[in-house]
2 protein chains.
Amino acid sequence: MTLDAVAREAGVSPATASRALNGTTRVRDDLRTRVRAAADLLGYIPNAHAQALASAEGNRTVGLICHDVSDPYFAGIASGVMRAAAEQDLLVMLASTFREPSREIAYVSMLRAQRARAILLIGSGFQDRAWERAMDAELNPYVRAGGRVAVVSRHRSLRVDTVQPENRAGAAELARALVALGHREFAVLTGPPELTTVADRLAGFREGLAGAGIGLGRVVRGAFTREGGHLAALRLLAAEGPRPTCVFAVTDVMAVGALAALREAGVRVPEDMSLAGFDDIPLVRELSPPLSTVALPLTEMGERVIALALRAPSAAARSRVVRIDGEVVLRGSTAAPPGS
Amino acid sequence: MTLDAVAREAGVSPATASRALNGTTRVRDDLRTRVRAAADLLGYIPNAHAQALASAEGNRTVGLICHDVSDPYFAGIASGVMRAAAEQDLLVMLASTFREPSREIAYVSMLRAQRARAILLIGSGFQDRAWERAMDAELNPYVRAGGRVAVVSRHRSLRVDTVQPENRAGAAELARALVALGHREFAVLTGPPELTTVADRLAGFREGLAGAGIGLGRVVRGAFTREGGHLAALRLLAAEGPRPTCVFAVTDVMAVGALAALREAGVRVPEDMSLAGFDDIPLVRELSPPLSTVALPLTEMGERVIALALRAPSAAARSRVVRIDGEVVLRGSTAAPPGS
DNA sequence: CTGAAAGCGCTTACAG
DNA sequence: CTGAAAGCGCTTACAG
């Protein structure tokens, strides 16, 4: 079914049929009605590709690139993006990079080919010069050609609109709250240091402790996954020397793994050791004990980032930054240190 | 950057440039090299819309419609789809219907407009004549026009390729395992009865119990969400009469809510009451106690459904069905009934 | 193997 | 308000 067929059926020109269907220009009422009826009758569905090609408007798709949809953190943000997109009749093309930088760049390229109206990059970037250069090389021409880009949790790359969780401040505040609980001996379970999010949270936590004259303690690195947290916690327990009374995992996903590891090792949380995460993904409330964490409004962040991208570019070519405060929420997984 | 510009730069015709870039036809080596170089130089990215319009091949996008990406069940399946799609350089357009039937139909229509190569429908359909008719009206022309459709957990609608979890058999087997544990008094927390998945699991569970001469017990209906399970469990506890010794929630997501409700009410699981779910979403392993359930290979199901859609249509116009067995896995949330 | 030309299905100045 | 025509950026028979 093409527009031409509809036009013929309605006895008008294709131009009129187009205008009647899109409501762009005034069309005589009876013609409009006839065209609509013809379209219905024929089950006409406009070819979005032809529309995108012919019109200046661009098409109604938005690209969303994240590391992994099955990670609750990204799922939460993606959900916010989808909700907002649905309200504006936008279709979302979702790509999972599975944490491969090269795949991320490939996706941006595909999204450019699709002439996506906007590209959303979710999740910490890689602090890697080569990658940054390649990414800029993709994004810059896209933006110059009128594409819109917005990111979550990603600084330095490009000057694009950004939703930036206050990772540093949040981690610092968490540290202070933990110190207030009485802890003095800490350890941190961290992810790949080249991720800016990791660096920020680590720095913030260090900063918060430093305010009380306390050092960071042992830092164990693991993958940015449940398994990574599990393994890191095991390594921590296996280490020589006195055990910390409190462990901070830089993401809830890692904290979940850590909690399991502690349980397996017979370490009671919080009696023997306190544990806290970051993000407040929904599942941490279901754990026993429920996890203390720094809560981020994930769905809202998704809504914000797409809003940012879709809003007219700021007059000044400066990029906008929406800062998102994390809220420390202490739950059952943290308590005063043993013997206090 | 258009193909024409590349062709000019390389000093060949657009036709040759196209062929050189796509490798469809033999092109003299030196020309191919020149075209490639020109494309690189200019940062050429083909316009996917123009390609889709001009070529018979159709475009490289696949539509995936689910109820809610932030639900771990769908996230798991979606993840499998994305992984498989990535391997074939396909882009996935993901839509969340947020459980609104009309939105689902609207999305199919948008996906048709995009001329998506395939449309994947994930999750139980609605047993609603009007909706089914409308859906068929969208899908039929799409399929006739060469579109491919495959679904997960959805029978009756259309004759399309299907990945069908053995809900009924799985629930029945779970019932038997629970009976073997010693339970005689059951209750079920169920979702909207118009969802086929609910009906099947309920029927299977009933069937399994019937084999031991046991009745289904109280059936409490709730929304298909964590909150729905929470509320349903509360309602169950508030009900008159003797309490069941074992509760089956038709999905893990509901079971998670139920577990929280039981905990809040001071009902110990499994000492006072056993609890089991269905699906084996990743988080249930993290709970204390970890949830007994019927495990479904979610990621694999995602891979299967896209494979089904992409495979050449079966010669016989019959639709193919891939049956997925659920595996009963008993974990800490189920035990012998109290006083046994 | 290569190029000129038609065509994919729409939109949108440009006349009228 | 309406229509004829050009054009969006590609692909692909059709000749050569």
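Chain letters run A, B, ... following the sequence lines, proteins first, then strands; residues in each count from 1. None of the values given here were measured: they were computed from a predicted structure. Note that these values count all heavy atoms, side chains included, but never hydrogens, waters or copies made by symmetry.
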ask   = Partner of D:dA15 by Watson-Crick or G-U wobble geometry, both contacts under 3.5 Å, or none?
value =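 Pair assignment: D:dA15 / C:dT2.
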
Please state the [atom1] separation for the pair [N] and [M] - nearest whole angstrom.
N: D:dC1; M: D:dA5; atom1: P; result: 23 Å
N: C:dT2; M: C:dA6; atom1: P; result: 22 Å
N: C:dC14; M: C:dC10; atom1: P; result: 24 Å

Rounding to an integer number of Å, can you tell me how far [X] [atom1] sits from [N] [atom2]?
X: B:Leu21; N: C:dT2; atom1: CG; atom2: P; answer: 14 Å
X: A:Arg115; N: D:dC10; atom1: CZ; atom2: P; answer: 7 Å
X: A:Arg112; N: D:dG9; atom1: CZ; atom2: C1'; answer: 15 Å
X: A:Asn47; N: D:dT11; atom1: CG; atom2: P; answer: 15 Å
X: B:Leu3; N: D:dT12; atom1: CG; atom2: P; answer: 12 Å
X: B:His49; N: D:dG9; atom1: NE2; atom2: C1'; answer: 11 Å
X: B:Leu31; N: C:dT2; atom1: CG; atom2: P; answer: 4 Å
X: B:Arg32; N: C:dC1; atom1: CZ; atom2: C1'; answer: 11 Å

If you check the [X] side chain, which of [options] turns out closest?
X: A:Tyr44; options: C:dG3, C:dC10, D:dT11; result: C:dC10
X: A:Gln51; options: D:dG9, D:dT12, C:dC10; result: C:dC10
X: A:Ala50; options: D:dG3, C:dA4, C:dG9; result: C:dG9
X: B:Leu53; options: D:dA4, C:dC10, C:dG9; result: C:dG9
X: A:Ala54; options: D:dG9, D:dC8, D:dA4; result: D:dC8
X: A:Arg28; options: D:dC1, C:dT11, D:dT12; result: D:dC1

inquiry  = For C:dG3, does the base pair up with any side-chain atom of B:Arg19 as donor and acceptor (N or O, under 3.5 Å, distance only)?
reply    =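 Yes, a donor-acceptor pair under 3.5 Å.
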
Check: [Y] main-chain N/O paired with [X] side-chain donor or acceptor under 3.5 Å:
X: B:Arg103; Y: B:Phe98; value: no
X: B:Ser79; Y: B:Ala75; value: no
X: A:Arg34; Y: A:Ala10; value: yes
X: A:Asp161; Y: A:Ala309; value: no

query = Under 4.0 Å between a side-chain N or O of A:Thr16 and OP1 or OP2 of D:dG3?
reply =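 So the side chain of A:Thr16 is within the cut-off, an N or O lying under 4.0 Å from OP1 or OP2 of D:dG3.
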
query = When you check the phosphate oxygens OP1 and OP2 of C:dT11, does a side-chain N or O of A:Ser55 lie under 4.0 Å from one of them?
reply =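 A:Ser55 to C:dT11 OP1/OP2: no side-chain N or O under 4.0 Å.
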
request  = Could you check A:Glu87 against A:Arg83 for salt bridge (Lys or Arg N to Asp or Glu O under 4.0 Å), going step by step and ending with a plain yes or no?
outcome  = CA-CA 7 Å; A:Glu87 278 171 17; A:Arg83 189 172 308 252; over 6 Å; no

request  = Determine the interplanar angle of the B:His49 and A:His49 rings, folded into 0 to 90°, and report it as parallel if under 30°, tilted if 30 to 60°, perpendicular if over 60°.
outcome  =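 Plane angle between 30° and 60°, so tilted.
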
query = If you pin A:Ser18 and B:Val27 to their nearest nucleotides in DNA chain C, which one's is more 5'?
reply =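 Whichever sits nearer the 5' end wins; that is B:Val27.
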
